[in-house]
Amino acid sequence: MASRLPLRPPWGWAWCPAPLCPPGCPPSRGLCGAHLPAALLRTRPFVGGQWMPADQALTFDLAQARATFPVLSPGTGAHLARVSDCGAAEARAAVTAAWQARPAWHRASAQERSRLLRRWFDLMIQNKDDLAKIITAENGKPLKEAHGEVLYAAQFLEWFSEEARRIYGDIISTPAQNRRNLVLKQPVGVAAIITPWNFPSAMITRKVGAALAAGCTVVVKPAEDTPLSALALAELASQAGIPAGVFNVIPCSRPKAKEVGEALCTHPLVAKISFTGSTATGKILLRYAADSVKKVSMELGGLAPFIVFDSADVDQAVAGALAAKFRNSGQTCVCPNHFLVQKGIHDAFVGKLSGAMKAQLRVGSGFDEATTQGPLINEKAVEKVEKHVRDALSKGATLVTGGKRHESGGNFYEPTVLSDVSTDMLCSREETFGPLAPVIKFDTEEEALAIANAADVGLAGYFYSQDPAQIWRVAEQLEVGMVGVNEGLLSAVECPFGGVKQSGLGREGSKYGLDEYLEVKYVCYGGL
Ligand code: NAD
């Protein structure tokens, strides 16, 4: 069948490369929906260990569960799959399932929880190619990056399978002879977890690994753009033997997100809300949490500064800038939003950065091996980049490279550098979340810190300097949760991820990540 089509249609897109592509299979810049890895392709909610609506014992509205929404390829707009569009009823059914599974999961030994998380990790690694294809299909990121995400995501399960066995309480020196004072760490309870599309797999395992290790059970509402990765994880959790009801996934469309979010985050049986996404949505969920005083973790938006001081090694700074800025086409919350470059090194940095971008960045299908820059997630995301570029140019910025939609059309945008950028431009004040590198020239360290710290968010910050005293000063004074010093890639499962100011509350990954799912209980044992 595939032979009926030329390898590349006239406009340069590849047809679906599956060997037996059926007639009507759309040009797709990669796998079409019909050829997503069938073994992991699931489209229904996973609740109480069942793919709803298979379990008749669960009470939910069948008609609603049959409603579906399309998952689109960001590269072509092609339909990849139709997924159940859950509503409040499914959200409540999932919370009930998680609540029922909670006592047994809590009582299971730490070793047992650890073993099951480890098995889940092993299955992710065994299925890494299929998981990566699903990520590339629904998110658009290049397959190589998708593989990186799968490994990163799996490592959270591995890390927390190890941490599950290292949850310690305390014994406190007694203030009275006839008493002993103890501290127990206990699971918080049912956690509602709401995740974004930019890391469809890792943002789930970073939360769920910690929650399950601590003895909590969870309901995950994945982003509407990328539910297939979440459902594939549910299939592997089931194969790993994670007990029914411990890990539940309820996908829904954007129009249903409010209803599902509200049902989860106001439910009396939910004790914890963990969210990654925009600051605006985080504030809505915080209001829900306030009414019933739920514990919260919020990983919200950033406005990461990338500062290059005169003392920096310019080639090292350019390499770090490329790695930090253009991963996932600029759609990570720790991507530098703007570059602050000291006047002595400014011209060299801008020249070398734009040269490196032209030499190293390739826009195209995530399934093409040469591609480094996939499409943005949707039209709205492209429009935001366009708006920021237009605004900057109208206020006096200079276009160094890029500056428009890529010739492929659709959601593809050219990697772009603007110089002569000032702090009143939108691209300096709002998160662009796309492949735009605006450069602001500065004179002094104080000036750079003042610009960087003016933001009301503070997730990541980067700076390049070879001056040890300056390195300490700036690392301590940057108002962010994570600092990259002469380094553009800072995430690691062993290290705490999170922000200050309006970038969020709490930390994920690392030894601190478990605390978000544990209560500290003081026991005063008297009458001795
Ligand atoms: P978003 O807030 O629009 O969506 C995130 C999730 O929230 C999705 O699942 C969405 O369906 C859901 N949602 C939206 N409105 C809701 C509502 N009213 N009630 C309940 N759920 C609702 O954000 P996005 O566009 O998916 O992601 C981009 C943003 O996320 C950026 O600002 C980025 O910085 C941030 N982000 C932060 C981190 C981090 O770790 N700090 C990581 C990734 C993304």
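We count ligands from 1, going down the list as the structure has it; atoms in each ligand are counted the same way.
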TODO: Measure from the ring center of F156 to the ring center of F121 and say whether it is less than 6.0 Å.
DONE: no
- [ ] Indicate the ring-plane relationship of F339 and F306, choosing parallel, tilted or perpendicular according to the 30° and 60° boundaries.
- [x] tilted
Task: Electrostatic pair K501-E479, nearest N-O below 4.0 angstrom - done: yes
Task: Pairing residues for E149 by the side-chain hydrogen bond (donor to acceptor under 3.5 Å, both in side chains) criterion, not counting sequence neighbours - done: K141
May I have a table of the N/O to N/O pairs between ligand 1 and the protein that fall below 3.5 Å, each row giving the two atom names and the distance to 0.1 Å?
{"residue": "ligand 1", "atom": "2 (O)", "partner": "S278", "partner atom": "N", "Å": "2.9"}
{"residue": "ligand 1", "atom": "2 (O)", "partner": "S278", "partner atom": "OG", "Å": "2.6"}
{"residue": "ligand 1", "atom": "2 (O)", "partner": "T281", "partner atom": "OG1", "Å": "2.8"}
{"residue": "ligand 1", "atom": "3 (O)", "partner": "R254", "partner atom": "NH1", "Å": "3.3"}
{"residue": "ligand 1", "atom": "3 (O)", "partner": "R254", "partner atom": "NH2", "Å": "2.9"}
{"residue": "ligand 1", "atom": "9 (O)", "partner": "T195", "partner atom": "O", "Å": "2.7"}
{"residue": "ligand 1", "atom": "9 (O)", "partner": "K221", "partner atom": "NZ", "Å": "3.1"}
{"residue": "ligand 1", "atom": "11 (O)", "partner": "K221", "partner atom": "NZ", "Å": "3.0"}
{"residue": "ligand 1", "atom": "11 (O)", "partner": "E224", "partner atom": "OE1", "Å": "2.6"}
{"residue": "ligand 1", "atom": "23 (O)", "partner": "S278", "partner atom": "N", "Å": "3.4"}
{"residue": "ligand 1", "atom": "25 (O)", "partner": "W197", "partner atom": "NE1", "Å": "3.2"}
{"residue": "ligand 1", "atom": "26 (O)", "partner": "W197", "partner atom": "NE1", "Å": "3.0"}
{"residue": "ligand 1", "atom": "30 (O)", "partner": "G277", "partner atom": "O", "Å": "3.2"}
{"residue": "ligand 1", "atom": "30 (O)", "partner": "S278", "partner atom": "N", "Å": "3.3"}
{"residue": "ligand 1", "atom": "32 (O)", "partner": "E431", "partner atom": "OE1", "Å": "2.7"}
{"residue": "ligand 1", "atom": "34 (O)", "partner": "E431", "partner atom": "OE1", "Å": "3.3"}
{"residue": "ligand 1", "atom": "34 (O)", "partner": "E431", "partner atom": "OE2", "Å": "2.7"}
{"residue": "ligand 1", "atom": "40 (O)", "partner": "R206", "partner atom": "NH2", "Å": "3.2"}
{"residue": "ligand 1", "atom": "41 (N)", "partner": "E299", "partner atom": "O", "Å": "3.3"}
{"residue": "ligand 1", "atom": "41 (N)", "partner": "L300", "partner atom": "N", "Å": "3.2"}
{"residue": "ligand 1", "atom": "41 (N)", "partner": "L300", "partner atom": "O", "Å": "2.7"}

Task: Ion pair check, K395 and D391, cut-off under 4.0 Å - done: yes
Task: E516 with K295: basic N within carboxylate O range, under 4.0 Å - done: no
